[in-house]
Structures are given as C-alpha cells and as structure tokens.
Amino acid sequence: MSEIVPPEVRPKPAVPAKPSHVAPPSRSALLGYIGIDTIIEQMRKKTMKTGFDFNIMVVGQSGLGKSTLVNTLFKSQVSRRSTSWSRDEKIPKTVEIKSVSHVIEEGGVKMKLTVIDTPGFGDQINNENCWEPISKYINEQYEKFLKEEVNIARKKRIPDTRVHCCLYFISPTGHSLRQLDIEFMKHLSRVVNIIPVIAKSDTLTLDEKTEFKQKVRKELEACGIECYPQKEFDEDMEDKSDNDKIREAMPFAVVGSDKEYQANAKRILGRKTPWGVVEVENPNHCEFSLLRDFMIRSHLQDLKEVTHNIHYETYRAKRLNDNGGLHPISSSVPMPIKHTQVMCKPTKF
C-alpha cells in the first residue's frame, strides 16, 4: 500500500449564525386544547398518500455480495443480481452505472426505492480515477434537481433522483484498506453520504474482524475521511450520543443472504457452512441488524435531509456562484444509464 497522504483541509459548510439581538421565544401556557399535536398525524397521512423516494448506491469490486446484501436489507429482490464474468464475456473497460427502481409498500407506506449499481468498479488492472464516472453521475443528479428547481413553472413535486446513501463494500482482507478504497472515499465523501461495510465478514475470525475494523477506522481518520454520520452535523447532545455509538461500530461487518434455514426450531436467514449456519440477523454472528436499524429504522430521513441540506446545497451554491447561471456541466454527451422500474412488495422470509 502506498504512503498515506495527509488530509486535505476543506472549509465546513457555512451555517447561518443566529442574530444576537433576537430573544428566544417564550413558552406560553395554554388555556385549553388547540390541536397542535395533530400535525404529526397530518404529516403521516400525507406521507402515506404521496409516498417518498430513497436512492441507494452500492460500490465495490465484483463478488462481494452487493446485490445480495441490498436484497436482504429490503427483504425483496430489489437489486440486479450480477453473475461472475464468463470466459466469453469481456469485463467492462469503464465503470458502468445501472439503476433499477421498485415501489415497496409496508404498513400502508409506499417507498420508491432506486438501487444504483456500479459494475466494473475496481475490476481493472489499472483502477486509476475509476471513481470519476460515479462522481459525475452523482453531480448529474444534483444538476437535474437544480434545473427543475429554478424553472418558473416547476413541478409540484420534483422527481428526486439524488443519491441519498452510498454503501461502500470493503474486501475482508483482514490487513488494511487498499489505496483504491482510500481514494474513492476521500473524493466521494464530499458529495454523498458514504457508509462503509466489510463484505462477507464471516470469512474472518472474531479477533481478525475486531482488529480489521480498528485498522480501517484509524486509516480513515488519518486520511481525514468522514463517513456518514459526520460529527460536524450532530444537532444536539442526544444526536451526538446516538451517532457516536454508530461511528464506533463502523465499518459494519456484514453478511447477506436471502436463503432460509431451520435453526433452533425457527426459520432464519443465513449462510450455511460445514461448521453450521451463519445467522444474518443474529448480532452475535454479524452486524447486519445494526446496519439495517441504523440505515432504515433510525436514520433514513436524516440521510435524505443531509443530502438535501448539505451535499445538494453545497453543489447548488458552487454551481450558481461559479457559473453565474445554469449551463450544462460539460459539453460531453451524458453517460448512458440503464434504468428499469418494477412494482414489488417486501418478501416475507
């Protein structure tokens, strides 16, 4: 591994300061019931009617189980399942961008889930700058949203194709990060929420897993790479306390599987080995449940808000300030993107 380059110092996004002369609002005692608390129910009903978008990108070398993990997360066949390259099939010379959309419904809530895959990433002999097509794609989605936003007669609801979360798959080598891992996260952490995961962690022993996680955290810190959730965006002490626990658990050592097995008189998702079954949702076996709870059950809305309020606003401010108007990002032909959309409901495993 080449020598680690000192982190580049970049300014934090400007946060408007509160005017010193403005006094904090006083809390008035109510003389009777008004109904302010019903706003939560109103918001819930509106969200259930309109639904919402969530766009997740998966990046990593072939064979790390990216499609399987995403399918396990959402308990549906939501990701294109790539197969290993055959002898007659050529490995793509450049990174491709392929996306597939599904409408998932659970408990009356509809979510349009888009999974963006990046076949070809890290599969070349020379992987120099292989993150550039991914960075370009992410910025193109910001550009599409910006153009819709500044239209005089804009749509009531702007289609949101911006990438809300990027799952970056680290090979379970047990040694250290590759230079490609460092360069990708260094460049892309500025424009998207990156969540690093150690793929196929059942290939490591418990001691190897713990040691590898510590090494990865130290290398990320030494390179100045901040993955989601970033410390600078913690809103209060409760936020900081919750997010500190998540940061200490990163990178998540995960195992993905959509196959069921019988264990302890119940059906479980797992990977069968000669030594037994690795239970995907058992926290003693891997950290899949931690990743799922964090990404979907506690921070999904925050992932969307950080994308809009931080990454998109940074792009928007720079775009309008540098160019003084809206012009194409480049004169080159836009990168072809393969996209399909299907309707599905979560599979009950």
Side-chain angles (χ1 to χ4, degrees), residues 5-18 52-59 95 97 99 114 116 118 129-151 154-155 157-168 181-196 220-221 223-236 239-240 243 246-247 250 295 299-330 332 334-335 337:
V5 180
E8 177 184 336
V9 178
R10 57 190 178 102
K12 294 183 180 181
V15 178
K18 293 182 180 178
F52 63 97
D53 302 310
F54 187 62
N55 309 317
I56 179 173
M57 174 179 276
V58 290
V59 182
V95 177
I97 305 291
S99 67
T114 300
I116 304 112
T118 55
N129 298 332
C130 66
W131 57 81
E132 288 183 351
I134 299 172
S135 178
K136 181 182 177 184
Y137 173 85
I138 292 170
N139 284 325
E140 282 177 348
Q141 307 320 302
Y142 291 147
E143 181 73 8
K144 282 171 65 176
F145 196 89
L146 177 58
K147 285 183 176 179
E148 288 285 352
E149 199 175 48
V150 299
N151 281 340
R154 64 183 182 184
K155 298 173 183 175
R157 188 182 180 198
I158 300 174
D160 190 0
T161 60
R162 298 170 297 180
V163 179
H164 301 124
C165 172
C166 174
L167 281 179
Y168 186 75
D181 300 327
I182 293 172
E183 291 298 327
F184 176 87
M185 287 189 274
K186 185 183 290 185
H187 285 83
L188 272 294
S189 62
R190 305 169 187 174
V191 295
V192 71
N193 298 317
I194 292 181
I195 300 176
L220 292 176
E221 186 178 352
C223 295
I225 299 169
E226 275 200 278
C227 298
Y228 177 86
Q230 300 90 335
K231 291 181 181 179
E232 60 192 288
F233 304 138
D234 291 341
E235 294 183 358
D236 50 40
D239 238 19
K240 183 180 184 303
N243 290 339
I246 294 166
R247 287 187 279 261
M250 283 188 175
M295 201 177 85
H299 281 66
L300 190 147
Q301 180 60 29
D302 190 65
L303 281 163
K304 291 168 62 69
E305 288 178 2
V306 170
T307 298
H308 181 77
N309 298 330
I310 305 299
H311 297 305
Y312 170 68
E313 283 300 320
T314 301
Y315 175 86
R316 177 180 175 277
K318 186 176 186 302
R319 182 78 166 85
L320 297 178
N321 186 54
D322 289 353
N323 298 346
L326 291 177
H327 306 286
I329 295 176
S330 65
S332 60
M335 179 171 47
I337 299 167

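These figures come from a predicted structure and were not determined experimentally.
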**Study point:** Which atom of Leu188 lies closest to which atom of Ser135, heavy atoms considered
**Key:** CD1-CA, 4.0 Å

Point to revise | Gln301 and Phe52: CA distance, side-chain angles, deciding distance, side chain to side chain contact (heavy atoms under 4.5 Å, CB included) verdict | key: CA-CA 10 Å; Gln301 180 60 29; Phe52 63 97; 6.0 Å; no

Check your understanding: Is the side chain of Glu148 donor-acceptor paired with the backbone N or O of Lys144 at a distance under 3.5 Å, no angle test?
Key -> no

Revision key, fill the gap. The reported gap from CD1 in Ile134 to SG in Cys166 (rounded to nearest 0.5 angstrom) is 7.0 Å

Review point. Any idea which heavy atoms bring Cys223 and Lys186 closest together, and the distance?
Key: O-CE, 4.1 Å

Point to revise | Ile225 vs Ile182, side chain to side chain contact (heavy atoms under 4.5 Å, CB included): CA-CA, chis, key distance, verdict | key: CA-CA 8 Å; Ile225 299 169; Ile182 293 172; 4.2 Å; yes

Review point. Judged by modelled atom types alone, do Asp53 and His164 share a side-chain donor-acceptor pair under 3.5 Å?
Key: no

Check your understanding: Between the side chain of Asn129 and the main-chain N/O of Glu132, is any donor-acceptor distance below 3.5 Å?
Key -> no

Point to revise | Ion pair Glu226/Lys231, N-O distance below 4.0 Å | key: no

Review point. Under the side chain to side chain contact (heavy atoms under 4.5 Å, CB included) criterion, do Val191 and Tyr315 qualify, and how do the steps go?
Key: CA-CA 8 Å; Val191 295; Tyr315 175 86; over 6 Å; no

Point to revise | Distance (rounded to the nearest 0.5 Å) between Thr307 OG1 and Ile138 CD1 | key: 9.5 Å

**Study point:** Student check: side-chain heavy atoms of Tyr228 and Leu303 closer than 4.5 Å
**Key:** yes

Practice item. Answer yes if the side chains of Tyr168 and Asp181 hold a donor-acceptor pair under 3.5 Å, and no otherwise. Key: yes

Practice item. Give the C-alpha distance, both sets of side-chain angles, the deciding distance and a yes or no for side chain to side chain contact (heavy atoms under 4.5 Å, CB included) between Val163 and Ile116. Key: CA-CA 8 Å; Val163 179; Ile116 304 112; 4.2 Å; yes

Point to revise | Beyond-backbone contact of Val306 with His311, side-chain heavy atoms, under 4.5 angstrom | key: yes

Review point. How many angstroms lie between atom CD of Gln141 and atom NZ of Lys136, to the nearest 0.5 angstrom?
Key: 11.5 Å

Point to revise | Phe233 side chain near Asp302 side chain, heavy-atom distance below 4.5 Å | key: no

Practice item. Examine the side chains of Tyr312 and Glu149 and answer whether a donor and an acceptor come within less than 3.5 Å of each other. Key: yes

Point to revise | Least distance between heavy atoms, Cys130 atom then Val95 atom | key: O-CG2, 3.3 Å

Check your understanding: What heavy-atom pair brings Leu146 and Arg316 nearest, and what distance separates the two atoms?
Key -> CD1-CG, 3.7 Å

Review point. Is Glu235 paired with Lys240 through a side-chain N to carboxylate O contact shorter than 4.0 Å?
Key: no

Point to revise | Separation between CZ of Arg247 and CG of Leu220, rounded to the nearest 0.5 Å | key: 13.5 Å

Check your understanding: How long is the gap from CE on Met295 to CG on Asn193, to the nearest 0.5 Å?
Key -> 11.5 Å

Review point. Between Met250 and Pro229, what is the shortest heavy-atom contact and its length?
Key: CE-CD, 4.0 Å

Check your understanding: What's the spacing between Phe184 CZ and Ser189 OG if we round to 0.5 Å?
Key -> 9.5 Å

Check your understanding: Within 45° of the ring axis of Tyr142 and under 6.0 Å from its six-membered ring centre, is that where the NZ or CZ of Arg162 lies?
Key -> no

Point to revise | Check: His308 side chain, Lys304 main-chain N or O, donor-acceptor pair, under 3.5 Å | key: no

Exercise for review: Indicate the atoms forming the closest heavy-atom contact of Thr118 with Val59, along with that distance.
Suggested key: OG1-CA, 3.5 Å

Practice item. Compare all side-chain heavy atoms of Phe145 with those of Thr161 and state whether any distance is below 4.5 angstrom. Key: no

